[in-house]
Amino acid sequence: MSLTHRWTVHRSRGPELLAGAMVAASGAAGMAVGEGWLWWAGAACIGLGALGLLLAARRSRELLHIRLDERIRLESADGGLVAEGLLDGASVVTPWLMALRIRGDDGRRAADLVLDAGSAPADELRRLRVRLLTDEAIRA
């Protein structure tokens, strides 16, 4: 699969889960220090955070295809184009997390992609990580 410069990955749900947890924690803090309307606003935030966590946990992870030639091409599972461009310098590639920012032709951000250790088999992620770190042709 990676010999053709194409990887199949699952988009991480980590950012969605973290956002839901942060909203719920902010609500708990508001309830702990506030009275009156602040207490009720905190209770609403806890409810919204819990709902966000529930929806993120129940949603299936999005299947994507990454193709690396002279540019990065990000496609959905049905073959539709999600983004195409070059890897931005703000991207982070570590052994346990990859946060990729893809820049389009006009210099604007085309897409952000977060991949965790469970996004693909370990060997495939290692090959993708090596390619992202060493290939200067795909950098903006």
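Model, not experiment: these values are computed from the prediction. Quick note: numbers below take in every heavy atom, side chains included, and nothing from hydrogens, waters or symmetry partners. Residue indices begin at 1 and follow the sequence shown.
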For this session: Go through the structure and list residues passing side-chain hydrogen bond (donor to acceptor under 3.5 Å, both in side chains) with Arg108, not counting sequence neighbours.
Result: none
For this session: For Asp106, enumerate each residue passing the side-chain hydrogen bond (donor to acceptor under 3.5 Å, both in side chains) test, keeping only those at least two apart in sequence or located in another chain.
Result: none
For this session: Keeping to residues at least two apart or across chains, list the salt bridge (charged side-chain N to carboxylate O under 4.0 Å, His left out) pairs with something in residues 88-100.
Result: Asp88-Arg103
Problem set entry | Residue pairs fulfilling salt bridge (charged side-chain N to carboxylate O under 4.0 Å, His left out) with at least one residue in residues 39-59, sequence neighbours excluded | Glu16-Arg59
For this session: Verify, without hydrogens or angle tests, whether Arg13 (side chain) and Ser60 (backbone) share a donor-acceptor contact under 3.5 angstrom.
Result: no
Exercise. Checking Arg139 side chain against Leu133 main chain: does a donor-acceptor pair fall under 3.5 Å?
Worked result: yes
Exercise. Are Trp7 and Leu86 connected in a single hydrophobic cluster, I mean Ile/Leu/Val/Met/Phe/Trp/Tyr linked by side-chain heavy atoms less than 4.5 Å apart?
Worked result: no
Exercise. Is there a path of hydrophobic side-chain contacts, each under 4.5 Å between heavy atoms of I, L, V, M, F, W or Y residues, that connects Val93 with Leu68?
Worked result: yes
Exercise. Considering the options Leu63, Leu74, Ile66, which one meets the side-chain contact (heavy atoms from CB on, under 4.5 Å) requirement together with Val9?
Worked result: Ile66
Determine all donor-acceptor pairs shorter than 3.5 Å in which one atom belongs to a side chain in residues 25-45; sequence neighbours excluded.
residue: Ser26; atom: OG; partner: Met22; partner atom: O; Å: 2.9

For this session: Identify, with sequence neighbours excluded, every residue that meets side-chain contact (heavy atoms from CB on, under 4.5 Å) alongside Glu75.
Result: Arg6, His65, Arg67, Arg73
Problem set entry | CG on Leu87 to CD1 on Ile102, rounded to 0.5 Å | 7.5 Å
